[in-house]
Chemist: 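A single structure is presented below for examination.
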Amino acid sequence: MSAIENSKLAIIGAGAVGTSLAYAALIRQSAREVVLYDINKPKVEAEVLDLAHGTQFTGASCVSGGADLDAIAGSNMVVITAGARQHPGQSRLDMSAVNVGILRELMPKLVERAPDAVFMIVTNPCDIVTYAALHFSGLPSTRVFGSGTVLDSSRLRWLLAHRVGVAIANVHADIIGEHGDSEFPLWSQARVGPISLSEWVKDDISPASDDRAQFSEAEFAAITKDVKTAAYRVIAGKGATNYAIGLSGARIVEAVLRDEGAILPVSSLLTDYRGISRVALSVPAVVNAGGVSRVIEVPFSDAEQELFKHSADTLRATLDTLRLP
Ligand code: NAD
């Protein structure tokens, strides 16, 4: 594997998420060429035009696309954002049947036009749709994965960085499991710089106080809740989440097209990972030009193992109702 020269990125679905991802990818120069596709012809053509009008200011990347799927031919990476979005109060799992149906039709057509691409699913429920897309594609599991909890982990890191007053780049903490209600932070492995988060102490300790730890169990619980409900709050206020997922998606695209070997909590098919098989969900994984080259065996506390199993069981139950083996 090596970094891909003159890389071509196809984005399927030119809604709030697809266009934000395209915008982020152009600004970050994640790919040399960005192609947008949507069944809504006037919408996708207008979005392409609007994005293209800004490319004087985005370096060498270019953008094109429309309602003709042939435009994605030969793409190195295909990101799928097409589908119904989450409505206020709706859980991600509620959208399963509709979006799996869309992927059942789309995947063979995409694979036919971009047979060597790495495919990333953003459409929700991300883990269910990833599993289904892999099933419909006939591709090796390394080449079809979901954006998973990369966005959720970014939300967690943002909260922690503000709480402890350090740069977000120095907070190493992941949300894992389902990209949805059963996700959870891997607190046992969270670090700030070189320090385990549980050992991070207050910087205003009075000599009389024994209470040196910055985080109590109650605060861990409050931060977990904050991350898990973040999408609901954004959707209640503006109808969609788009900017942060656009940036997260562009970041993952770079890991593939630049053959980085970056460790990211993306969603991929697990086979006997800490006792879990036959579901796609997020654990720290190595992402390079071939897709997910490996998942990393992370030590879990007993409580985390239980939460992980619960997340996997929740997803497997939904896959069973959709008759996905
Ligand atoms: P949106 O309604 O704005 O856009 C969806 C687009 O998909 C529309 O333009 C529609 O025309 C298009 N579409 C539908 N069927 C299609 C098909 N067969 N082929 C091509 N295009 C098709 O929705 P959105 O806000 O952009 O959200 C898109 C998806 O991304 C939703 O499922 C949403 O829940 C999900 N999402 C995922 C994450 C994540 O972290 N994984 C974050 C935010 C949103």
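Every heavy atom of this structure was used, including side-chain atoms; hydrogens, water molecules and symmetry mates were not. In each ligand, atom 1 is the first atom listed, and ligand 1 is the first ligand listed.
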Chemist: Knowing that exactly one of V63, L51, L26 qualifies, which makes a side-chain contact (heavy atoms from CB on, under 4.5 Å) with T58?
Modeler: L26

Chemist: Given S30, which partner from the list E254, R258, R251 fulfils the side-chain hydrogen bond (donor to acceptor under 3.5 Å, both in side chains) test?
Modeler: E254

Chemist: Would you call D174 and R157 a salt bridge, using N to O less than 4.0 angstrom?
Modeler: yes

Chemist: Salt bridge check, E183 against K228: does any charged N sit closer than 4.0 Å to a carboxylate O?
Modeler: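 No, no charged N to carboxylate O under 4.0 Å.
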
Chemist: Identify the protein atoms, limited to N or O, that lie within less than 3.5 Å of an N or O atom of ligand 1, and list each pair with its distance to 0.1 Å.
Modeler:
unit_1, atom_1, unit_2, atom_2, d
ligand 1, 3 (O), A16, N, 3.0
ligand 1, 3 (O), R85, NH2, 2.8
ligand 1, 7 (O), G83, N, 3.3
ligand 1, 9 (O), D38, OD2, 2.7
ligand 1, 11 (O), D38, OD1, 2.6
ligand 1, 11 (O), D38, OD2, 3.4
ligand 1, 25 (O), R85, NE, 3.2
ligand 1, 26 (O), A16, N, 3.1
ligand 1, 26 (O), V17, N, 2.8
ligand 1, 32 (O), A84, O, 2.8
ligand 1, 32 (O), N124, N, 3.1
ligand 1, 34 (O), N124, ND2, 3.0
ligand 1, 36 (N), N124, ND2, 3.3
ligand 1, 40 (O), H179, NE2, 3.1
ligand 1, 41 (N), V122, O, 2.9
ligand 1, 41 (N), S147, OG, 3.4

Chemist: Looking only at heavy atoms, which two atoms of L324 and D320 are closest? And how far apart?
Modeler: O-OD1, 4.5 Å

Chemist: Where does the angle between the aromatic ring planes of F300 and F308 fall among parallel (under 30°), tilted (30 to 60°) and perpendicular (over 60°)?
Modeler: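 Ring orientation, 0 to 90° scale: perpendicular.
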
